[in-house]
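One structure is given below, encoded as structure tokens.
We name chains A, B, ... by the order of the sequence lines, and we start the count at 1 in each one. In this text, all values refer to a predicted model and were calculated from it rather than measured experimentally.
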Number of protein chains: 2
Amino acid sequence: MNSSRTVSLADVAREAGVSPATASRALNSAYGVAAATRERVAEVARRLEYVASPEAARLATGTTRSVALVVPHLDRWYFGEMVGGLEEVLRAAGHDVLLYHVGDPEGRHAFFEHLPARRKVDAVVVVAVPVTDHERRRLELMGVTIVAAGGQDAMYPYVSIDDAAAVRQATEHLLRLGHRRIAMITAVDPDRTDQPIHRGRTRGFYEAMTRNDVPIDEELVVTTTWGGVQAAEAMEKLLSVRELPTAVLAHSDEMALGAMRTIRRAGLRVPEDISVIGIDDHPLAELVDLTTVRQPVRDQGLQAAHLLLALLRGEQPDRAQKLPTRVVVRSTTATARIDRSGAEHSAPGITRH
Amino acid sequence: MNSSRTVSLADVAREAGVSPATASRALNSAYGVAAATRERVAEVARRLEYVASPEAARLATGTTRSVALVVPHLDRWYFGEMVGGLEEVLRAAGHDVLLYHVGDPEGRHAFFEHLPARRKVDAVVVVAVPVTDHERRRLELMGVTIVAAGGQDAMYPYVSIDDAAAVRQATEHLLRLGHRRIAMITAVDPDRTDQPIHRGRTRGFYEAMTRNDVPIDEELVVTTTWGGVQAAEAMEKLLSVRELPTAVLAHSDEMALGAMRTIRRAGLRVPEDISVIGIDDHPLAELVDLTTVRQPVRDQGLQAAHLLLALLRGEQPDRAQKLPTRVVVRSTTATARIDRSGAEHSAPGITRH
DNA sequence: CGCATTTTCGGAAGCGCTTCCGAATATGAT
DNA sequence: ATCATATTCGGAAGCGCTTCCGAAAATGCG
């Protein structure tokens, strides 16, 4: 099966009656070779099923035509979707996609210290991972183009959503439904619990509330790491508050589901007793009829890849792109039951999805 | 920042006062170089932050130290989890991981015809994608080691679960609960609707049913493509049957959720009116209290990677590995309400999760 | 039709590493 | 101390491609 040696450029050249130099030009660069010759070489190459040796080409040109994707948590929908988008356009542009998983702190440390991608890629895209200053410095050692997809690193050219706006939309949806005691389950990155990773999201909540003159009960703002079960636990804390919230806003759909489980197990109903809204529009959100604010994840991947390609071409594209989000109303949110302080607006113009 | 040229082996050699040949040996092969020299070279390399040029090494050795992962649907949990497992051990073994997404039919066709990974990898692992004979032949053109992770291709060395057993477990769980009118929502690959992709799963159902002398109503076995909404539609068909099923078994958790939505929207309750069981133990299954049969996805990835490494080392490992599954009882299954024909066993020994 | 350009193409160097082979040196046995 | 053997190391040839440079051929112009 795998009998004959793989054919080399030299083979093609010989067969086509030209020099390797010409063969190379014929196959790659458009100019400097007569149309007839080019066609002949191409024909021979096709017939011989010639496939260029990428290493040789890379060695000679010094360019790898491949990019590294640095991702934590392949297992979460958000990341898979993002990677899918990136892969699509990167591959279409003829680049190879190397995957680097930096899940836990050790893996993360290993990646930034050893830089396994060094010398192997022309660019790296960090997918929603907040890099520390030190990590950033290490990354720069690679001397390649860097872009960020998702997350909120203004450090590099990036494309993401407007986190503050997303949460504002969610909050305003609840406010419109007459809710005033709104709780929020804030997510932080487990590796970087020091700072609220989605400052933007937290800010959006405060903005929407104050803008609508609704007081914020700090007791109703709880913080935990990403993940459904963590959110479920956080929700328990919220249920132990003197006066229950009438709605809760979670930083992700998974977290919203976790919260819902706790609520139901406590004998309360969603949305009759407590409304729940998530963020993401995870594919399963539709199946469980979860109200959420949709963010275009795949699009972020696509755009980030385009941004990267532009950078690689030496262009000067917009270094920051924010994609729009919008709330998708399903059935986990409803008008507030206990209107404690005269809800001005009672859910007008809200269309069901 | 990126001022000085990257250091080459020659630089290290010069600095250490040895020839490039010796430097290379010192850094790679264990033997043929005095311990003192090796240490000196290593020291210099470290000091100069030397990183070998992979292309040069590859060109010279003819080995790439990287493997291709061929996956459809990055966006589904199953695949992300699997890839995560694969990546972990492959990377730990010093291999690079190239990602090839072959989602839709075109992408798929493009991949197998152009074989973009050709000459770029030492091995490829196909992740739960059923390859046709033609595709298999194309793949072999690459002349590399191939293993399958997940799915049911006995074509290559593989690791997966015993699909028949998994469904048998699910079916038996329902039977133990006294169900007799059990429906199944079968999944097929959208690209290959011709043949039931999970023959094993379908078989497991028939086996369990006949083994327990429970008649199968063919009307209760519906087929659709993977996905929650598809399953939701399939469920509608099941609800239009003269005599409703008392339980439904879906080929994935996503599908189970889709079915549940349809059931609920029809005004029926889960599990009081209809029990639902899925397969996978998707992380969200826990959050929605879905009964399911858990399959160790990540482990399949890990094992598949180990299998591949063994093969690459020239060993002769078991060409087929089946990982165990087990049902995880939560709250979407309950004892059958309408015991139409004297259910012998009424759920003994079932412990709640 | 002759000369200046332009186009097409081959020679050759080089990308950075590995590895075969043989020379030089060290080690051990007698 | 001497010779055989083992060990350590350098020279050099490639791996398969790209690209600079110059020669040869084709084309355009007056």
Among pairs that include at least one residue of residues 60-69 of chain A, which meet salt bridge (charged side-chain N to carboxylate O under 4.0 Å, His left out), considering only residues two or more places apart or in two chains?
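As it turns out, there is no salt bridge (charged side-chain N to carboxylate O under 4.0 Å, His left out) pair with a partner in residues 60-69 of chain A once direct neighbours are skipped.
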
- request: Keeping to residues at least two apart or across chains, list the salt bridge (charged side-chain N to carboxylate O under 4.0 Å, His left out) pairs with something in residues 298-307 of chain A.
  value: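 For residues 298-307 of chain A: A:Glu88-A:Arg298.
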
Note to self: According to side chain to side chain contact (heavy atoms under 4.5 Å, CB included), who are the partners of A:Thr61, at least two apart in sequence or on a separate chain?
What the structure shows: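 Partners of A:Thr61 by the side chain to side chain contact (heavy atoms under 4.5 Å, CB included) criterion, ordered by chain and then number, come out as A:Thr63.
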
Could you list the donor-acceptor pairs under 3.5 angstrom formed by side chains in residues 30-40 of chain B, with sequence neighbours left out?
from, atom 1, to, atom 2, distance (Å)
B:Thr37, OG1, B:Ala34, O, 3.3
B:Arg38, NH2, B:Ala30, O, 3.0
B:Arg38, NH2, B:Val33, O, 3.0
B:Arg40, NH1, B:Ala16, O, 2.3

Looking at C:dC17, I'd like to know if its phosphate oxygens (OP1 or OP2) sit under 4.0 Å from a side-chain N or O belonging to B:Tyr50.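 Looking at the OP1 and OP2 atoms of C:dC17, one of them is under 4.0 Å from a side-chain N or O of B:Tyr50.
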
Between CG on residue A:Leu99 and CZ on residue B:Arg91, distance to nearest 0.5 Å: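 Reported to 0.5 Å precision, the distance equals 7.5 Å.
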
Could you state the [atom1]-[atom2] distance from [X] to [N], rounded to the nearest angstrom?
X	N	atom1	atom2	answer
B:Arg119	D:dC17	CZ	C1'	10 Å
B:Asn28	C:dT18	CG	C1'	8 Å
A:Arg58	D:dT18	CZ	C1'	15 Å
B:Glu55	D:dG16	CD	C1'	13 Å

Worksheet item: How would you label the contact of A:Ser24 with the nucleic acid (heavy atoms, under 4.0 Å): base, sugar-phosphate, or nothing?
Response: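 Result for A:Ser24 = base.
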
Sequence neighbours excluded and cut-off under 3.5 Å, please list the side-chain donor-acceptor pairs for residues 73-85 of chain A, or say none.
none

A correct 5'-to-3' footprint of nucleotides 6-15 of chain C, with B, S and - meaning base, sugar-phosphate only and no protein heavy atom under 4.0 Å, is --SBBBB-BB

